[in-house]
Every structure is written in C-alpha cells, then in structure tokens.
Amino acid sequence: MQDGNVVAVYQHSCRYSFELRVAEVVEALQRFQPSVECLAYMEQQAAMLFLAMRPHRLDNIAECLGQPAFTGSLRTFPARCFLTRVKLLNYKSIATCDVPLRQISFLVGPNGSGKSNFLDALRFVSDALNLSLDHALRARGGVDLVQRQPRRGAETFGLRVQMELATCFGWYALAVGAKGEDGYEICREECHLVQRESGCKHFFRAEHGQMVATSVSGAPPAAADSLYLPTASAFEEFRPAFDALACMQFANPVPDYIRSIRAPGSTNVLNEDDCDIASVLDGVTRRSPRVRERIDEYLDSIVPSMPEATDSLRENTDYAAPFRLPVSSMSDGTLRMLYILLVLFEGATEDEIERHFVGLEEPEAVLHPSVAEVLLDAIREAALRTQVLVTSHSAELLDGTPVDSIIAVTADQRGTRLGTLDEVSRSVLRDGLFTAGELLRMDQLGIADTDGRPPTMIDDLFSAES
C-alpha cells in the first residue's frame with residue numbers, strides 16, 4: 001500500500017446495490033487503514049477497486065478509465081462531504097453551536113430539544129436563496145421568531161457553512177438583524193471560495209447594503225434587504241456555491257398533501273407543501289429507469305406489490321391499477337416511504353442539477369420498526385451521491401449508524417446544545433457494552449464539551465480562522 005495500488009475484483013450481488021456493496025468493502029478496509037482512498041470502476045456484473053494511501057496516485061487511473069472506451073461508472077470513496085461544518089448564532093432555540101457534519105449525520109435527541117431548528121437553519125439558507133430573504137423570514141413568522149430571545153438583546157442572528165465542492169472549497173456566512181418593529185436588514189454577508197485546480201481565491205463582502213470588497217470586477221451593488229449570493233451567481237466563480245446551497249432538499253412529508261389530487265400541469269418538483277408525487281415518480285421513470293427500479297426494490301422490501309401499484313400512478317388519477325387501490329387509501333407509512341425514497345434518489349437521475357445535500361425530518365415516523373434496516377440501507381445508498389442529514393428518535397435506526405455520524409442534541413435553560421458524542425459514550429459503544437439505540441432509550445448519549453470554537457459574537461462567524 002505504501003508504494004503501489006492494490007486491485008481487487010468483486011462480483012455483483014443480486015437485488016442489492018452494487019455501489020453500496022463496494023462502499024461497505026472500502027469501509028471495512030478503512031477500519032485498518034483510515035487514510036486509504038478508493039477509486040471504483042463498476043460495470044453491470046463486476047467492479048475493480050484501486051486503493052491508494054495517497055489520493056493523487058489515483059488521478060491517472062481515473063483519467064484513463066474516464067475515456068469513452070470504458071462504459072462503466074467511476075466513483076471515489078469515501079464520498080466528499082458538501083457541508084463539513086455548520087456554525088449558528090442566536091437561531092431560534094440555538095444560542096450558539098459549531099457542529100461538524102459527515103456524509104451521513106444523525107441528529108438525535110428528545111422532543112423539543114431543537115433538532116428541527118438546526119435542520120431549519122439550513123433550509124432557511126436554501127429558501128432565502130431560492131425565493132428571497134423576505135419569504136424565508138415570513139414563512140417562519142418574521143425576524144422576531146427566528147432570532148433567539150429578541151427582547152433580551154440578541155437582536156442579530158447568523159450562520160456559517162463550510163463547503164467542499166468538486167471544483168472549489170470555502171465558506172459562506174450571513175448575519176441578519178431586526179430593524180424597527182417588523183423590519184430587518186442584512187448586517188453582513190460573505191462568501192470565500194478557492195478553486196481547486198488554479199488555487200485562485202474569489203470572495204465578496206457586503207455590509208448593511210454596501211459592497212465592501214470583492215474579487216470580481218464589475219460587481220453589481222448590494223442591497224440591505226436582499227442576499228448578494230444570488231446576484232453573485234451570475235459570475236462563474238460563485239455559481240457552484242449558489243447552486244449547491246439553493247438545491248439542498250428537505251423532506252418532512254405530510255400524507256394528506258401527498259394524497260391530494262393535482263390539477264393538469266401541476267409541478268413535478270418535490271416539496272413539503274405541494275407534493276405531486278405522481279408527476280415526480282413519472283419524471284424519475286422517464287429520466288432514469290434504473291433509479292425507478294431501486295425505488296421499487298426498496299418498496300417491495302417494505303410492502304410487497306406496492307411497486308406494481310405505483311406503476312399506474314399518473315397525474316390526476318386517484319387509482320393505482322391493477323388492484324384499483326385508491327391513492328387516498330394508501331397507508332401513511334407507505335406514502336411517506338415512497339416520498340422519502342424519491343427525495344433520496346431523485347437527484348441521481350439524469351439531466352438534473354447535482355444535489356449535494358438532503359435533510360430528512362424523522363423519516364421513521366409512522367413506519368414499523370422492522371422497516372428501519374431497509375430505511376438505513378436506502379439512506380446509505382443515497383449518501384454515495386449526496387450528503388444526508390437526518391433527525392430521528394429511532395433506536396432501531398441508530399443501532400446501524402457509525403458512532404462518528406451521531407450528533408447528540410439536548411436542551412436546558414440556556415437553550416439547545418448540539419455536539420458529537422463524548423468520550424464516555426464512545427468508549428461504551430466501542431467496548432460493545434451498549435448499542436447506540438440502547439443509550440438513546442436510556443437518555444445517556446453524552447455531548448462532547450467542544451467540537452470547535454462556537455461563535456459568541458457575530459464577528460466570529462466571519463473569522464478567516466473560524
């Protein structure tokens with residue numbers, strides 16, 4: 001391993017994700033060699049794994065296998081996380097936090113502890129970039145309900161996300177403050193990116209509606225009530241960051257919305273408020289039959305005959321032939337599972353903007369505990385292509401989750417606390433004394449004192465060393 005690459009060949013296993021099988025092999029190897037990286041060349045029936053201690057040793061191999069003569073797919077393991085770190089300050093119940101994220105992360109804690117608030121902070125960014133900052137604030141009841149304890153002096157809230165993309169890496173941060181009775185203003189907004197190939201640095205910094213500094217010439221002026229990143233996305237230097245953040249997908253499906261009938265021409269985009277599941281399923285089938293097959297296979301593991309029933313789901317049709325099963329009569333669990341699978345795998349279809357992040361709100365809700373293993377397999381397979389963040393109460397789901405993927409969440413008089421597991425919890429899990437699910441049932445998942453440097457003031461969100 002020190003001087004060369006090692007090649008291994010593995011055969012395809014029927015009715016099981018080939019990529020997931022390869023990922024499991026690499027995970028097992030990394031337990032003994034944590035720094036090993038893998039390039040996998042996969043065809044329909046076999047895969048070749050190229051392992052190296054130094055990732056650059058794989059570049060030439062990837063270039064050769066990427067030529068048109070080779071028809072298989074290339075994947076690099078481990079997958080690169082999109083959001084590697086998230087910092088929040090005064091967001092709803094969260095006074096301050098600095099949380100590292102992995103390719104799969106589970107936010108685990110009791111009801112009302114603040115798990116959903118952390119996930120909502122990321123959705124806030126997506127909503128503000130996709131629609132407008134005004135819409136994102138109004139959808140959450142206004143700035144007074146977003147900022148933490150506004151009457152106690154915390155009149156500004158902010159966040160910072162650390163990003164890793166194929167072409168660049170860097171960070172994006174913003175701070176929003178109240179202005180007048182119902183008004184608000186963007187106190188500060190910054191984006192700093194470094195191109196991987198050239199090493200060129202690109203940035204902008206806007207404060208109170210004024211452009212303070214930027215690396216691009218001819219940059220349009222900033223506004224105090226509108227985010228600047230959508231404007232900056234007109235420049236190719238900032239477009240990857242905007243696309244990745246704006247295309248983050250979040251799911252907390254409401255079965256009643258999924259059951260409702262849509263008018264002709266309804267949207268084929270998944271969202272929580274207008275879930276035209278039939279149109280989306282039809283679009284996935286047309287764009288990528290293989291993705292549709294994987295969704296059917298997972299459904300068949302949960303509810304036999306459901307894949308056949310979904311074949312006839314069509315826009316404005318309330319029945320699923322050949323069993324004449326009304327969509328309105330399908331169980332909540334079945335509809336939620338179908339929706340979750342679509343959210344997880346829709347981004348893998350062809351002709352789609354690459355989706356880097358998916359957030360799931362309690363995906364195990366109304367599902368039978370025996371489904372947890374199937375659901376975890378689906379999450380792990382989707383995580384081969386996109387980062388997944390899950391809020392959960394499920395001990396069954398947690399039992400199959402790596403220790404480093406668990407983020408414990410608690411709440412006290414000071415608000416929400418988030419962090420990776422403390423050393424006591426880790427040692428208990430390493431020694432096999434209890435499983436993660438058992439610790440969750442006993443409310444014994446401890447939080448490490450510090451994972452980083454939680455921000456205590458707005459300037460901390462914008463520090464170059466942060």
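Computed from heavy atoms alone, side chains included, the values below leave out hydrogens, waters and symmetry copies.
Tyr41 has its side chain out of reach of Leu39: every pair of non-hydrogen atoms, C-beta onward, lies at least 4.5 Å apart. Between Leu165 and Leu193 the shortest side-chain heavy-atom distance does not fall below 4.5 Å. Looking only at side-chain heavy atoms (C-beta outward), Glu164 and His356 stay at 4.5 Å or farther from each other. Between Arg123 and Met248, every side-chain heavy-atom pair lies at or beyond the 4.5 Å cut-off. Residues His192 and Lys201 have side chains not in contact (no heavy-atom distance under 4.5 Å, counting atoms from C-beta outward). Leu101 places a side-chain heavy atom less than 4.5 Å from the side chain of Ile407. Between Thr96 and Pro455 there is a side-chain heavy-atom pair separated by less than 4.5 Å. You'll find the side chain of Tyr298 reaches within 4.5 Å of the side chain of Asp377, heavy atoms only.
Minimum heavy-atom separation, Pro220 to Tyr228: O-OH, 2.7 Å. Among all heavy-atom pairs drawn from Cys97 and Leu418, the shortest one is CB-CD1, 4.0 Å. The heavy-atom pair separating Pro110 from His393 by the smallest distance is C-NE2, 4.0 Å. Between Leu119 and Gly359, the shortest heavy-atom contact is CD1-CA, 4.0 Å. When all heavy atoms are compared, the tightest approach of Val343 to Ala251 is CG2-CB, 3.8 Å. Contact detail for Tyr172 and Val125: the closest heavy-atom pair is CE2-CG1, 4.4 Å.
Remark: Thr156 OG1 to Tyr184 OH distance equals 14.5 Å, nearest 0.5 Å. The CD atom of Glu373 lies 11.0 Å from the CG atom of Asp399; values are rounded to the nearest 0.5 Å. Once rounded to the nearest 0.5 Å, the distance linking CD of Glu237 with CD of Gln195 reads 7.0 Å. Note that CG of Leu338 is 7.0 Å distant from CD1 of Ile295, once rounded to the nearest 0.5 Å. The distance from the CG atom of Leu461 to the OG atom of Ser463 is 10.0 Å, given to the nearest 0.5 Å. The CG atom of Leu174 sits 4.5 Å away from atom CG of Leu159, with the distance rounded to the nearest 0.5 Å.
Side-chain atoms of Thr401 come within 3.5 Å of backbone N or O of Leu397 as a donor-acceptor pair. At distances below 3.5 Å, not a single donor-acceptor pair connects side-chain atoms of Ser392 with backbone N or O atoms of Val108. Panel note: side chain Thr416, backbone Ser113; a donor-acceptor pair is recorded below 3.5 Å. A distance-only check finds no donor-acceptor pair linking the side chain of Thr420 to the backbone of Ile406 [under 3.5 Å]. Using modelled atom types, no side-chain atom of Arg417 and backbone atom of Asp412 make a donor-acceptor pair closer than 3.5 Å. Ser425 places a side-chain N or O within donor-acceptor distance of the main-chain N or O of Gly446, the cut-off being under 3.5 Å. The closest donor-acceptor contact from the side chain of Ser427 to the backbone of Val424 lies under 3.5 Å. Side-chain atoms of Glu364 never come within 3.5 Å of backbone atoms of Pro369 as a donor-acceptor pair (strictly under, hydrogens ignored).
For residues 104-116, the set of pairs meeting the salt bridge (Lys or Arg N to Asp or Glu O under 4.0 Å) definition, not counting sequence neighbours, is empty.
Looking at residues two or more places apart in sequence or on another chain, you find a side-chain contact (heavy atoms from CB on, under 4.5 Å) between Val428 and Leu433, Phe434, Leu439. With sequence neighbours left out, Asp404 forms a salt bridge (Lys or Arg N to Asp or Glu O under 4.0 Å) with Arg102, Arg426. In terms of the side-chain hydrogen bond (donor to acceptor under 3.5 Å, both in side chains) criterion, Ser105 has no residue partners (sequence neighbours excluded). By the side-chain contact (heavy atoms from CB on, under 4.5 Å) test, Asn130 pairs with Ser126, Ala246, sequence neighbours left out. For Ser405, there are no side-chain hydrogen bond (donor to acceptor under 3.5 Å, both in side chains) partners, not counting sequence neighbours. Residues that satisfy the ring pair (Phe, Tyr, Trp, His ring centres under 6.0 Å) test with Phe242, not counting sequence neighbours, are absent from this structure. Annotation: side-chain hydrogen bond (donor to acceptor under 3.5 Å, both in side chains) contacts of Asp127 (sequence neighbours excluded): Arg140. Glu423 pairs by the salt bridge (Lys or Arg N to Asp or Glu O under 4.0 Å) definition with Arg430, not counting sequence neighbours. With sequence neighbours left out, the side-chain contact (heavy atoms from CB on, under 4.5 Å) criterion links Ile186 to Leu133, Glu189, Leu227. With sequence neighbours left out, the side-chain hydrogen bond (donor to acceptor under 3.5 Å, both in side chains) criterion links Thr456 to Asp460. With sequence neighbours excluded, the residues satisfying side-chain contact (heavy atoms from CB on, under 4.5 Å) with Glu207 are Arg188, Arg205, Val212.
When only modelled atom types and interatomic distance are considered, Tyr91 and Asp120 share a side-chain donor-acceptor pair under 3.5 Å.
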- Chi angles and distances behind the side-chain contact (heavy atoms from CB on, under 4.5 Å) call for Phe118, Val86: CA-CA 9 Å; Phe118 183 88; Val86 176; 3.8 Å; yes

- Query: Passes side-chain contact (heavy atoms from CB on, under 4.5 Å), Trp171 versus Arg85? Steps please.
  - Reply: CA-CA 9 Å; Trp171 56 273; Arg85 203 166 204 94; over 6 Å; no

- Before giving the answer on side-chain contact (heavy atoms from CB on, under 4.5 Å), spell out for Phe357 and Leu83 the whole-Å C-alpha distance, their side-chain angles and the decisive distance to 0.1 Å. CA-CA 8 Å; Phe357 182 92; Leu83 300 181; 3.9 Å; yes

- Query: Phe204 and Val216: side-chain contact (heavy atoms from CB on, under 4.5 Å), yes or no, with the steps?
  - Reply: CA-CA 8 Å; Phe204 70 78; Val216 296; over 6 Å; no

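In the displayed structure, Arg441 atom CZ is contacted under 6.0 Å by more than 12 heavy atoms of other residues, nucleotides or ligands. Within 6.0 Å of the CE atom in Met442, the count of heavy atoms belonging to other residues, nucleotides or ligands exceeds 12.
Paired with Phe157 under the rule side chain to side chain contact (heavy atoms under 4.5 Å, CB included), one option of Val143, Ile94, Leu88 passes, and it is Val143.
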